[in-house]
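Pasting a structure below so you can have a look.
Worth knowing before you read on, the calculation uses all heavy atoms, side chains too, and leaves out hydrogens, waters and symmetry mates.
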Amino acid sequence: MPSRLTSATAGRRQSEGDIFRNCRILYFEILDNSLMQISVRFQDCDKLQFLCLVDSSKFQDHATNFPSEALQQLHQCYPQIFAKLQRLKNELCLLYADENYRDFTPEEILHSLQENQDVFEESYKLFSLGVTIPSTSTSVEMSFCCLQRIKNSSKKHDITESTFVFVEHCNPKGTFSSTY
């Protein structure tokens, strides 16, 4: 009888060791995959260097030291849209020198350029591009947060998909409410 108990205990220890080893392997595979995904996701961030051209907090610096590399990089990314580089540089130099624009957001500058679109044609295109490129993924992250709350809620209450649909939405005040 003792030999059976000893072999059963040894089998459990071995299976616990196997489980630990498998979990460790899985952990490192997930970590490697995450690192690879981060590298893939952010591999083209350097191509967005031209966005410093529309950053009004840097206008004072740009007035004395024009960011030519960013302008060249913009031309490399969008050669057919921004073909008139010298005109764009001249327009930007005028904007950078004007102290009134230094407190504006890119959206406010775009609105002001819209009134003079024929004069600041290239700058208008640049600021239009600058405000349409999303700078964060907050809405996507909020969706995942809502999804996580829905999953947690369904686990707590032992709710299945076929019972009902649980919808969360954000009201204008920014707080979340639930409807069934």
Side-chain angles (χ1 to χ4, degrees), residues 24-152 167-177:
R24 186 176 170 91
I25 290 169
L26 183 61
Y27 169 79
F28 284 112
E29 286 176 358
I30 291 171
L31 188 61
D32 287 343
N33 189 350
S34 297
L35 290 172
M36 185 183 70
Q37 292 298 323
I38 288 172
S39 299
V40 169
R41 181 174 183 178
F42 296 109
Q43 71 185 358
D44 294 329
C45 279
D46 59 333
K47 292 182 180 177
L48 297 177
Q49 178 189 2
F50 69 86
L51 288 174
C52 76
L53 295 169
V54 298
D55 185 0
S56 59
S57 66
K58 297 181 180 179
F59 279 12
Q60 188 172 4
D61 295 334
H62 292 340
T64 57
N65 186 17
F66 190 84
S68 300
E69 306 86 30
L71 189 65
Q72 289 301 322
Q73 196 264 332
L74 173 70
H75 182 65
Q76 288 174 357
C77 288
Y78 302 99
Q80 292 152 338
I81 298 172
F82 297 100
K84 303 174 187 173
L85 280 187
Q86 189 57 47
R87 178 176 177 159
L88 177 58
K89 183 176 180 178
N90 293 340
E91 291 175 9
L92 288 174
C93 285
L94 289 173
L95 290 174
Y96 296 157
D98 190 346
E99 293 180 11
N100 295 326
Y101 287 110
R102 293 182 183 164
D103 296 329
F104 285 15
T105 64
E107 293 86 6
E108 293 170 334
I109 295 172
L110 178 64
H111 182 67
S112 111
L113 291 176
Q114 191 172 13
E115 297 167 2
N116 300 316
Q117 190 174 351
D118 55 331
V119 177
F120 290 98
E121 179 184 350
E122 297 298 310
S123 294
Y124 180 77
K125 289 191 288 188
L126 174 63
F127 278 87
S128 296
L129 176 65
V131 300
T132 56
I133 294 177
S135 59
T136 65
S137 59
T138 324
S139 60
V140 174
E141 290 166 6
M142 276 182 44
S143 299
F144 285 122
C145 182
C146 289
L147 179 63
Q148 188 63 42
R149 280 198 305 247
I150 292 169
K151 285 174 61 179
N152 289 341
V167 179
E168 287 200 346
H169 58 87
C170 182
N171 68 25
K173 293 181 183 175
T175 58
F176 289 94
S177 60

ask   = Atom CD1 in I133, atom CG in L129: separation rounded to 0.5 Å?
value =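 Result: 4.0 Å between the selected atoms.
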task = Look at atom CD of Q60 and say whether more than 12 heavy atoms of other residues, nucleotides or ligands are closer to it than 6.0 Å.
result =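 Open: at most 12 neighbouring heavy atoms sit under 6.0 Å from CD of Q60.
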key: Interatomic spacing from CG in L71 to CD in Q86 - rounded to 0.5 Å   =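 L71 CG to Q86 CD: 8.5 Å, rounded to 0.5 Å.
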Side-chain heavy atoms of N33 within contact of E29, under 4.5 Å =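 Sidechains of E29 and N33: no contact.
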inquiry  = If you count every heavy atom of other residues, nucleotides or ligands that lies below 6.0 Å from E99 atom CD, does the total exceed 12?
reply    =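 No, CD of E99 has 12 or fewer neighbouring heavy atoms, counting only those of other groups under 6.0 Å.
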query = Under 3.5 Å, is there a donor-acceptor pair between the side chain of H75 and the main chain of F82?
reply =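 Here the side-chain-to-backbone pair exists.
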message = Tell me if a side-chain donor or acceptor on E91 pairs with a main-chain N or O of S123 at a distance below 3.5 Å.
response =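 Judged by distance alone, yes, a pair lies under 3.5 Å.
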key: Nearest-0.5 Å distance, CD1 of residue I109 to CG of residue D103   =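 Output value for this atom pair is 9.5 Å.
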Value rounded to 0.5 Å, distance of CG in L126 from CG in L51 =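 If we round to the nearest 0.5 Å, L126:CG and L51:CG are 8.0 Å apart.
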request  = For residues 104-130, pull every pair meeting ring-ring contact (aromatic ring centres under 6.0 Å, His included), keeping only residues two or more places apart or in separate chains.
outcome  =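 Checked against ring-ring contact (aromatic ring centres under 6.0 Å, His included) - neighbours excluded - the pairs reaching residues 104-130 are Y101-F104.
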task = For K125 and I81, indicate whether the former's side chain and the latter's backbone hold a donor-acceptor pair under 3.5 Å.
result =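 Between the backbone of I81 and the side chain of K125 there is a qualifying donor-acceptor contact (under 3.5 Å).
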ask   = Which value, rounded to the nearest 0.5 Å, describes the distance between Q49 atom CD and Q72 atom CD?
value =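 So the CD of Q49 and the CD of Q72 are separated by 11.0 Å.
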task = Kindly compute the distance separating CZ (R102) from CG (D61), expressed to the nearest 0.5 Å.
result =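 Output value for this atom pair is 9.0 Å.
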task = Classify the ring geometry between Y96 and H62 as parallel (under 30°), tilted (30 to 60°) or perpendicular (over 60°).
result =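 Tilted.
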query = Within a strict 4.5 Å, meaning less than it, do heavy atoms of the P106 and L110 side chains meet?
reply =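 They are not in side-chain contact.
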request  = Assess whether side-chain contact (heavy atoms from CB on, under 4.5 Å) is satisfied between L92 and E122, documenting all intermediate values.
outcome  = CA-CA 9 Å; L92 288 174; E122 297 298 310; over 6 Å; no
